[in-house]
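Residue numbers begin at 1 in each chain, while the letters A, B, ... track the order of the sequences.
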There are 2 protein chains.
Amino acid sequence: MTQLTEAVHAHRILPGMKLSEDEVAEVFGVSRTIVRQALRALSHDGLVSIERNRGAFVSKPSVKEAREVFEARALLEPQTARAAAERATPEDVAHLERHIEDEHAALAAGDAGRALMLSGLFHVEIARVADQKTIETFIQQLISRSSLVIALYWQRRSALCESHAHHALLDAFRQNDPDRAEEVMKGHLVDLVSQLNLREPPTETRSLKEALRG
Amino acid sequence: MTQLTEAVHAHRILPGMKLSEDEVAEVFGVSRTIVRQALRALSHDGLVSIERNRGAFVSKPSVKEAREVFEARALLEPQTARAAAERATPEDVAHLERHIEDEHAALAAGDAGRALMLSGLFHVEIARVADQKTIETFIQQLISRSSLVIALYWQRRSALCESHAHHALLDAFRQNDPDRAEEVMKGHLVDLVSQLNLREPPTETRSLKEALRG
DNA sequence: CTGCATCATATCGTATACAATATTTGCATA
DNA sequence: TATGCAAATATTGTATACGATATGATGCAG
């Protein structure tokens, strides 16, 4: 059922799309009970919004919400990157490195959606290295919602942006350089926001089934 | 069903206590379906932990989790208090003031549990004044878990601690003094942690029904 | 008397059935 | 043709029933 989350992260399911309980249940071959549980969970993470007696829809973050998400990230992530740099072991670094490699591989294979998902997951992994489970949970939620924000507000000019910052973070972790890690993360988040077009709230929908089968 | 949350905040339900689905369903006169929904929601907020095929228990934060909660609060709340001080209107101040008065009234009436709950809610209200819905959600969760931490690790010497800090925050808001608000909040959180005894993980349970009837 | 295996009971996990609500469709009327 | 009402349909909300799993008791062997 976590496939739903992945589909959202990979932009195979787009904001505004309705997630009908019967439909999702049929696609995954489970009962509505399970689907309802999952949708509730996603709702709690802000990925879908549930309207009573109307159904669940993939959230369409407003401009204000988009800003809030990145403001929260700016509060949490630099400090978390610092803590990660203090604690990072060679194994941690290797693990993160593999993560980046996977992202590149996905990109090379033309699977931009998977690359985007892995790119977000990288930030969650940092919180894991920092050994901050509570904050990790928050960052997880923020990354999910960031994926929605990107789907809505990304302006496509300047495509390959993240690679550099993530490599720079990796270096800082490898050298256990907290100051640098914090600064890089701070700048990285500023970069991300600067590449958003936080003005219009566009719309678009597709069929659910074909998006999931893809 | 939010009564469950209130009961936890007011320390009428204590960490470790089992929340049997049938039992809760009977107490509230609803079906297990509803109870399960509620328990999953509480689980997501970290108030209860669900063990598969065993049931839901009020969470017993470990020392590490307790530290993490207050570390996260230290990252989020000072900045949020700053933002609140920048935006606070006279209406906001009046609203927060009433909150503090309610807390005092509860304390005077001997309802220490309700006072504790209101004291926590005060922090959530600050996020609301700051107009930061996303961060407000996080703080809400952190406050809830703080309530559990307090139930487990509070050392009773120095009882009336919060009053001063909350009044100081109110003053800072009234004067729209962001620097002061941020500093006071920072110190307030340090105070709170310093009054915890983050060493032993004690245990204790009571019957659910009598706790809710009380 | 103690320890372990087995069985009975209780509790949770999932599916299904029914009720409540929203949405759509069709028709009548202005 | 457009509009408003009403019935029909579809979808979600809730309760209940059944199956799976863990827990505790019981009895037997050592």
Side-chain angles (χ1 to χ4, degrees), chain A residues 1-8 12-60 148 203-213, chain B residues 1-8 12-60 62 148 201 203-213:
Chain A
M1 191 58 53
T2 171
Q3 309 170 51
L4 263 183
T5 309
E6 287 184 18
V8 173
R12 299 210 310 279
I13 293 180
L14 294 177
M17 186 177 288
K18 170 155 187 179
L19 299 173
S20 161
E21 295 182 357
D22 281 329
E23 207 170 357
V24 176
E26 191 190 7
V27 168
F28 288 106
V30 296
S31 140
R32 272 182 56 216
T33 307
I34 309 296
V35 174
R36 283 179 68 80
Q37 275 184 26
L39 290 178
R40 289 271 180 165
L42 292 182
S43 158
H44 199 111
D45 283 349
L47 255 83
V48 314
S49 53
I50 294 178
E51 305 177 23
R52 182 177 174 102
N53 281 321
R54 290 210 51 237
F57 304 82
V58 179
S59 295
K60 287 209 311 199
L148 297 178
T203 79
E204 181 182 353
T205 57
R206 278 165 56 203
S207 152
L208 167 65
K209 283 184 182 172
E210 63 182 3
L212 283 178
R213 306 263 188 223
Chain B
M1 191 58 58
T2 173
Q3 308 169 52
L4 265 182
T5 309
E6 287 184 18
V8 172
R12 301 211 309 279
I13 293 180
L14 294 177
M17 184 177 292
K18 168 154 188 177
L19 299 172
S20 161
E21 296 183 355
D22 282 329
E23 205 170 357
V24 177
E26 191 191 6
V27 169
F28 288 105
V30 295
S31 141
R32 271 182 56 217
T33 307
I34 309 296
V35 174
R36 283 179 67 79
Q37 276 183 26
L39 291 178
R40 302 286 284 216
L42 292 181
S43 159
H44 200 111
D45 284 349
L47 255 83
V48 314
S49 51
I50 294 178
E51 304 176 24
R52 181 177 174 102
N53 281 321
R54 290 207 55 234
F57 303 82
V58 179
S59 294
K60 288 210 309 201
S62 67
L148 297 178
T203 79
E204 182 181 353
T205 57
R206 277 163 57 202
S207 152
L208 168 64
K209 286 184 181 173
E210 63 182 4
L212 284 178
R213 307 262 188 224

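Between Leu4(A) and Phe28(A) there is a side-chain heavy-atom pair separated by less than 4.5 Å. By the 4.5 Å heavy-atom criterion applied to side chains, Arg40(B) and Arg40(A) are not counted as neighbours.
Residue pairs meeting the salt bridge (charged side-chain N to carboxylate O under 4.0 Å, His left out) criterion with at least one partner in residues 29-39 of chain A, sequence neighbours excluded, are Glu21(A)-Arg32(A), Glu21(A)-Arg36(A).
Among all heavy-atom pairs drawn from Pro15(B) and Ser59(B), the shortest one is CB-O, 3.3 Å.
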Throw together a table of side-chain donor-acceptor distances under 3.5 angstrom for residues 42-58 of chain A, partners on residues two or more places apart or in other chains.
{"from": "His44(A)", "atom 1": "NE2", "to": "Asp45(B)", "atom 2": "OD1", "distance (Å)": "2.8"}
{"from": "Asp45(A)", "atom 1": "OD1", "to": "His44(B)", "atom 2": "NE2", "distance (Å)": "2.8"}
{"from": "Glu51(A)", "atom 1": "OE1", "to": "Arg54(A)", "atom 2": "NH1", "distance (Å)": "2.5"}

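With sequence neighbours excluded, no residue forms a side chain to side chain donor-acceptor pair (under 3.5 Å) with Glu6(B).
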**Message:** Strictly under 4.0 angstrom, non-hydrogen atoms only: write out the protein contact profile of nucleotides 9-17 of chain C, one letter per nucleotide from the 5' end, B, S or -.
**Reply:** --SBBBBB-
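How far CD of Gln37(A) is from OG1 of Thr33(A): 7.5 Å, rounded to the nearest 0.5 Å.
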Polar atoms only, N or O, under 3.5 Å: list the protein pairs with nucleotides 5-8 of chain D and their distances.
none

